[in-house]
Each structure stands twice: as C-alpha cells, then as structure tokens.
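Here's the structure we're looking at; comments come further down.
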2 protein chains.
Amino acid sequence: MICVNKPEKNVYNENMAVEKKPALINLHQLKVSCSQCNLSELCFPHGMNPDDMEKLDTVVEQRKPLHKSDHLFREGDVAAGVYAVRSGSVKTIVESPNGDEQIVGFHLPGELVGLDGFMDGKHTCTAIALETTSVCAMPLEKLEVLCTKLPSLHNQMRRIMGKEVNDEHKMLLMLGKMSAEEKVATFLLSVSRRMEERHWKSSEFVLSMPRQDIANYLGLAVETVSRLFAHYQADDVIQVDRRRVSILNMQRLKEIVGECKGAEASAVKS
Amino acid sequence: MICVNKPEKNVYNENMAVEKKPALINLHQLKVSCSQCNLSELCFPHGMNPDDMEKLDTVVEQRKPLHKSDHLFREGDVAAGVYAVRSGSVKTIVESPNGDEQIVGFHLPGELVGLDGFMDGKHTCTAIALETTSVCAMPLEKLEVLCTKLPSLHNQMRRIMGKEVNDEHKMLLMLGKMSAEEKVATFLLSVSRRMEERHWKSSEFVLSMPRQDIANYLGLAVETVSRLFAHYQADDVIQVDRRRVSILNMQRLKEIVGECKGAEASAVKS
DNA sequence: CGTTTGATTGACCCCACTCAAACGTGGTGG
DNA sequence: CCACCACGTTTGAGTGGGGTCAATCAAACG
C-alpha cells in the first residue's frame with residue numbers, strides 16, 4: 001500500500017515552506033491511513049488502540065489540497081464533516097453583523113477544524129487556508145455510525161471537544177485580561193509549544209500567517225504587533241526576519257506572560 | 001405529586017429579587033420533573049417528546065440551594081454532572097496563571113452550566129452563584145447511559161454543545177473587536193433578549209451581578225461601565241438605578257451594536 | 001449610627017490605535 | 001535583465017479611548 005506519510009519529514013517540510021508548490025504526487029488520489037500517519041499522536045486517533053484506529057481509517061477521506069486563501073467551509077454551511085490538517089495551516093474566523101471579523105484560531109498539522117459544526121449541523125465559523133494545505137476529512141454520518149460502535153471513538157470525540165472549549169476559554173482570558181505585550185508573548189509561546197508537540201524546532205519556526213492575521217487574532221493593531229516584535233528583538237528575547245522567528249530567551253517570554261507586572265521593566269524598557 | 005413549578009411565576013420572582021430569602025418550602029426535598037417544569041422550553045428538554053422527557057426525569061436531581069458566592073464547582077474538579085439553573089443565576093470564570101480571572105458567562109434560569117467538564121471529565125472553569133440559586137443536576141454516568149438509549153437526548157447534547165461553542169465565538173468577537181460602547185450595549189441587549197425568552201419583561205429587569213462582574217466580563221474597568229451607563233441614561237437610551245435597568249430606546253442600542261461608526265455621533269455625544 | 005460594600009464622578013495619564021510615509025521583496029512584463 | 005508595481009512590514013508622530021487613582025456618595029448591615 002502506498003502511504004504518503006512514510007517519509008517522515010515531508011509533511012513538516014511542506015508546512016514550513018512559506019510558499020511551496022504542491023508535491024509532485026497528487027495527494028488526494030492516495031488512500032490515507034491514520035494508523036500509519038506520523039501525526040496520529042497529535043491528531044484524532046491519539047490514544048486509540050491499533051484495532052480501533054484501523055476502523056477509523058475506513059471513514060477518513062483525503063481531500064484535494066487547498067490553495068492559499070481557499071475556503072474549507074464558510075459560516076452557515078451545512079457541516080459535512082470534521083477535518084484534520086495534514087499539512088499547511090488553516091485559520092478560522094467569525095464575522096460580526098457590522099462586517100469586521102475575528103480570527104478565533106490557527107490550526108497546524110494534526111489539529112482539527114470544523115468541530116463547531118459537528119454540534120448543530122451548521123458551521124458557526126469560516127475556515128480559510130493560510131498556505132497550500134491538505135486536510136483529511138471525516139464525514140459526519142460515517143463518524144456518527146462508527147461512534148455508536150466504538151466507545152473509544154466516542155470518548156475521543158468528547159476529549160477533543162473538551163480541548164476545544166478549554167482553548168476558547170484561554171483565548172477569552174487573553175483577549176479580556178492581557179496587555180499587548182502579554183498577548184504577543186503568549187502567542188509566540190503557543191506556537192513554540194505546538195511546534196515542539198510536532199517534534200519540530202520549538203525555538204525557530206516560520207509563521208504561516210501575516211502580521212495582519214496575528215494582530216486580528218490578538219485583538220491588536222498590526223503596528224502594535226510589529227512594534228512589539230521589534231522591542232522583543234531589541235531586548236534579545238527573539239529574532240525576527242519577516243515571518244521567520246527565533247526565540248532566544250524562552251524564560252523571559254514566560255516571565256512576561258506569567259507576571260508582567262514584575263517582569264516588564266526588565267523585559268521591555270522601550 | 002407535588003410540583004414546585006406549578007405556580008408559574010415563582011422561579012422568576014426568586015430570580016428577579018436581588019437578595020431574597022429562600023422559599024418557605026425546601027426545594028431540595030422535592031422530586032423535580034422536567035416534563036412539568038415551565039422552563040423546559042428553554043432548558044435541556046427543549047424539543048424533546050413527552051415520552052423521552054419523562055425518562056429524562058429519572059436522571060434529574062434537585063440540589064440544595066446555593067447561597068450567594070457559593071461554588072457550584074471549581075476549575076480542576078472532577079465533573080460530576082451538568083447543571084441547569086432553576087432559579088437565581090450563576091457566573092462561570094476561568095483563571096490565568098498570574099492570578100486574575102475572566103468571567104466567561106452569566107447563566108440565567110433554564111441555562112446550563114458545567115458543559116466544559118462534560119467533555120474530558122474535569123471542569124475547566126469555576127461556577128459561582130450570583131445570588132440565592134437552585135439548580136437541577138444531571139449526573140454524568142446516568143446521562144451517558146440514557147444517551148445511548150435515547151437518540152433524541154444524544155442530539156440534544158450536541159445541539160446544546162453547539163450553542164455553547166457559538167456563544168463563545170460571539171464573546172471572542174466582542175472582546176476582540178468591539179469598543180467599550182459596543183460591549184456595554186451588546187451586554188444589555190443580550191440580557192434583554194434572554195429576559196424575553198423567559199417571558200419576562202425584556203426592557204425592565206434587575207441585574208443579578210455587580211458592576212465589577214459586568215466590567216470583568218466585558219474586558220473593561222468598572223468605572224468605564226459606570227460611565228457608559230450614565231451616558232446612555234443621559235441620552236435617554238436606558239434608565240438605571242443601581243442594578244435595576246430599564247431600556248427606553250431598544251432601537252438605539254441595536255444601532256450602537258450594528259454600526260457604531262455611524263451611530264455613535266448621535267447616540268453618545270459625551 | 002458607624003461601618004462596610006458597591007457605585008459614581010472627576011482628574012490625569014498612558015497604552016495602544018490611527019494616520020502617514022518609507023521600506024524591502026516578490027512578481028510581472030517590457 | 002531591469003523597471004515597475006503591489007503587497008506586506010516597519011517606523012515615526014500624534015491622539016484619544018479607556019485605565020488608574022482618588023474622593024464622594026448611597027445603600028445595606030450589624
């Protein structure tokens with residue numbers, strides 16, 4: 001059986017390249033397999049036994065790769081399924097009645113998108129590819145049927161939804177209570193932690209989203225994000241070159257998030 | 001059978017009174033019944049058929065009433081069940097590593113609390129009574145067992161979780177993109193709408209939470225909330241006396257939320 | 001009636017937004 | 001190959017929204 005995941009670094013490489021052309025082989029023509037995917041520990045099947053994972057393989061479909069700015073689904077769409085990012089990255093946004101939009105999440109390989117629609121059948125947010133991105137799709141009906149047969153899958157769904165709620169709570173805390181400095185530091189640490197989860201360098205990475213999207217996500221102006229990146233660079237906390245970020249002083253970043261009152265004097269003296 | 005819900009206005013009265021003593025009869029000694037509860041249309045059983053609702057009655061337990069500031073559960077607690085507010089009101093909060101907290105929701109009679117813990121077994125937020133409050137508890141194990149038997153209940157769980165996710169998305173939008181004026185107007189409209197859902201006066205109500213909690217919830221300072229209440233009162237949009245609020249110009253409030261750029265000049269001229 | 005808690009109001013100031021301009025960088029076409 | 005344009009990013013200057021601090025006031029409570 002052909003498995004696109006065998007070469008263990010490929011998906012990461014595709015993710016890291018800011019604007020790389022699609023792979024030579026046509027991913028969406030290949031059968032995919034959770035049980036042989038190197039992202040399985042992060043993704044849907046995390047913690048499931050091999051038998052159940054093989055059953056999960058029967059419901060997972062590979063989708064045609066998305067290009068940058070392509071929509072995976074839109075707010076209001078009937079929810080066709082849950083998606084796992086395979087390579088690339090995705091942002092999810094919600095729109096306000098008066099037009100402007102709030103980014104509610106960035107999703108890296110192994111992370112799930114579309115859980116919002118799993119619940120009441122319609123998506124409450126819009127998902128857009130930040131770069132060339134491929135996803136695995138798990139159609140709702142098949143997933144539901146399988147859920148009734150596999151208790152482990154049922155638990156898995158619950159665990160995953162729990163993480164979703166937890167993440168949104170953290171984000172409410174960030175938007176409601178944090179200063180701009182804390183927000184940017186939190187964002188960098190969040191990306192770093194998730195890079196580490198993927199066994200990718202945690203202190204040197206390429207952001208797949210423009211400053212505008214980071215600012216939107218954090219509830220800030222673009223200029224503020226740009227300035228704070230510059231400040232942190234001047235203080236040797238990070239090094240930035242366009243979208244490439246290196247974290248030089250992880251401890252300092254954590255101090256800024258943990259207790260900004262005490263740390264900001266030394267962290268940012270402007 | 002004795003049913004505390006028969007007198008249709010009682011729970012509302014208890015809710016509306018800011019600091020009223022518990023009812024003369026001891027609520028927690030009585031058997032409760034979803035099928036005969038006048039909140040059923042708003043609460044868990046919404047849309048379920050009478051047969052299924054009666055089965056739901058078997059898992060619902062009445063709890064001893066909570067006093068003001070009592071904890072229903074704390075972050076980190078093992079999730080014992082899902083709770084429906086019966087009378088009174090509850091706030092849910094999340095805590096940041098450095099100590100300060102963000103209120104993530106206010107819950108009125110008929111609304112559910114504890115869904116965050118339904119997912120991965122542990123609560124990710126803390127629930128505190130804002131006033132004397134009674135809740136119905138649905139223990140997790142019983143609920144799960146019943147879910148496997150009743151497809152309608154299973155769908156219900158999903159619908160309810162969907163609402164939860166949707167609500168949090170709206171809140172992210174509010175905290176991330178709205179001005180103080182828009183936030184306060186949104187808050188007032190939200191309370192008004194929920195009062196109407198409960199067939200209670202939608203333009204004249206008593207807030208069960210102090211200014212401090214409103215400010216925290218909206219990501220503002222207490223003084224800002226107080227000032228905006230005063231501004232809106234000066235413009236005859238609302239009338240406030242401590243916690244009692246009357247909405248005089250609902251249309252204006254909606255304009256402020258919908259398109260603050262065009263409306264703020266006439267709505268608030270400072 | 002003093003105390004406490006919550007709400008209001010005013011004065012002041014700072015963080016972060018807005019406006020504006022300059023600066024790469026990458027893509028396109030001549 | 002270079003000139004050109006478009007886009008994202010950076011940087012500076014100025015400002016205003018909302019936070020902070022502090023005093024006052026009102027209601028509830030012992």
Side-chain angles (χ1 to χ4, degrees), chain A residues 17-21 68-69 100 130-131 174-185 187 206-234 238-245 256 260-261 264-265 267-270, chain B residues 17-21 67-69 100 130-132 174-185 187 206-234 238-245 256 260-261 264-265 267-270:
Chain A
V18 178
E19 224 20 69
K20 195 170 178 177
K21 292 288 171 284
K68 185 178 176 177
S69 300
D100 51 19
L130 285 165
E131 57 193 312
M174 184 180 72
L175 288 174
K177 290 284 162 294
M178 288 189 187
S179 67
E181 288 169 10
E182 291 174 297
K183 285 177 180 176
V184 172
F187 172 74
V206 177
L207 300 170
S208 59
M209 70 293 288
R211 295 283 188 278
Q212 183 62 61
D213 283 358
I214 299 174
N216 181 306
Y217 175 73
L218 298 175
L220 299 170
V222 201
E223 297 93 327
T224 305
V225 174
S226 186
R227 264 183 265 268
L228 285 172
F229 275 13
H231 284 178
Y232 289 147
Q233 181 163 239
I238 60 172
Q239 187 172 334
V240 273
D241 175 39
R242 310 234 340 131
R243 295 192 181 179
R244 175 161 288 281
V245 177
I256 294 166
C260 193
K261 270 68 197 169
E264 70 184 347
V268 179
K269 55 198 176 200
S270 175
Chain B
V18 178
E19 223 23 68
K20 196 171 177 177
K21 293 287 172 284
H67 297 111
K68 184 177 179 180
S69 301
D100 51 21
L130 285 164
E131 56 193 312
T132 302
M174 184 181 71
L175 287 175
K177 291 283 165 293
M178 288 188 185
S179 67
E181 287 168 11
E182 291 173 299
K183 286 176 180 178
V184 172
F187 171 75
V206 176
L207 300 169
S208 58
M209 71 292 290
R211 294 283 188 278
Q212 182 61 59
D213 283 357
I214 299 174
N216 181 307
Y217 176 73
L218 298 175
L220 299 171
V222 201
E223 296 91 327
T224 305
V225 174
S226 187
R227 266 184 264 268
L228 285 172
F229 275 14
H231 284 178
Y232 288 148
Q233 182 163 239
I238 60 172
Q239 186 172 335
V240 273
D241 174 39
R242 303 216 12 111
R243 295 191 182 178
R244 173 161 290 281
V245 176
I256 294 167
C260 191
K261 270 69 197 169
E264 69 186 347
V268 179
K269 52 193 179 208
S270 173

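Quick caveat, the model's predicted, so the values are computed rather than measured. Chain letters run A, B, ... following the sequence lines, proteins first and then strands; every chain starts at 1.
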Exercise. How is B/R242 classified with respect to the nucleic acid when contacts are heavy atoms under 4.0 Å: base, sugar-phosphate, or nothing?
Worked result: sugar-phosphate
Exercise. For A/D241 and D/dT10, what is the distance between atoms CG and P respectively, to the nearest whole Å?
Worked result: 9 Å
Seminar exercise, completed: Closest non-hydrogen contact found for B/K177 with B/E182 is O-OE1, 4.3 Å
For this session: Between C/dC17, C/dT9, C/dG6, spot the one nearest the side chain of B/P210, thanks.
Result: C/dG6
Seminar exercise, completed: Nearest heavy-atom approach of A/L220 to A/A180 is CD2-CB, 3.7 Å
For this session: Specify the separation, in whole Å, of atom CG of A/D100 and atom P of C/dC17.
Result: 14 Å
Exercise. Heavy-atom distance under 4.5 Å between the side chains of B/V245 and B/Y232, does that happen here?
Worked result: no
Problem set entry | Atom-to-atom span, CE of A/M209 to C1' of D/dT9 - whole angstrom | 16 Å
Exercise. Does some side-chain heavy atom of B/Y217 sit less than 4.5 Å from a side-chain heavy atom of B/M209?
Worked result: no
Exercise. In whole Å, what is the span from the CE atom of B/M178 to the C1' atom of C/dC17?
Worked result: 18 Å
Exercise. For D/dG17, what is the paired nucleotide under Watson-Crick or G-U wobble rules, both distances under 3.5 Å?
Worked result: C/dC14
Exercise. In whole Å, what is the span from the CZ atom of B/F229 to the P atom of D/dA26?
Worked result: 20 Å
Exercise. Between the side-chain atoms of A/E223 and the base atoms of C/dC19, is any donor-acceptor pair under 3.5 Å?
Worked result: yes
For this session: For B/V225 and for A/A221, locate the closest nucleotide of DNA chain C by heavy-atom distance; then report the residue assigned to the nucleotide nearer the 5' terminus.
Result: B/V225
Problem set entry | Candidates D/dT11, C/dT9, C/dC17 - which lies nearest the side chain of B/S226 | C/dT9
Exercise. So does A/T224 get a side-chain nitrogen or oxygen closer than 4.0 Å to the phosphate oxygens (OP1/OP2) of C/dC17?
Worked result: yes
Seminar exercise, completed: Note: A/V222 and A/R211 closest approach over all heavy atoms is CG1-CB, 3.7 Å
Problem set entry | Atom-pair distance (CG on B/L218; P on D/dG19), nearest Å | 10 Å
For this session: Quickly work out the A/K183 NZ to C/dC15 C1' distance and round it to whole Å.
Result: 11 Å
Exercise. If only side-chain N and O atoms of B/R211 are considered, is one of them under 4.0 Å from the OP1 or OP2 phosphate oxygen of C/dT8?
Worked result: yes
Exercise. Has B/R243 got a side-chain N or O lying under 4.0 Å from the OP1 or OP2 atom of C/dA7?
Worked result: yes
Exercise. Is the base of D/dG12 touched by the side chain of A/R227 through a donor-acceptor pair closer than 3.5 angstrom?
Worked result: yes
For this session: Report the distance from atom CG of A/L220 to atom C1' of D/dG17, rounded to the nearest whole Å.
Result: 15 Å
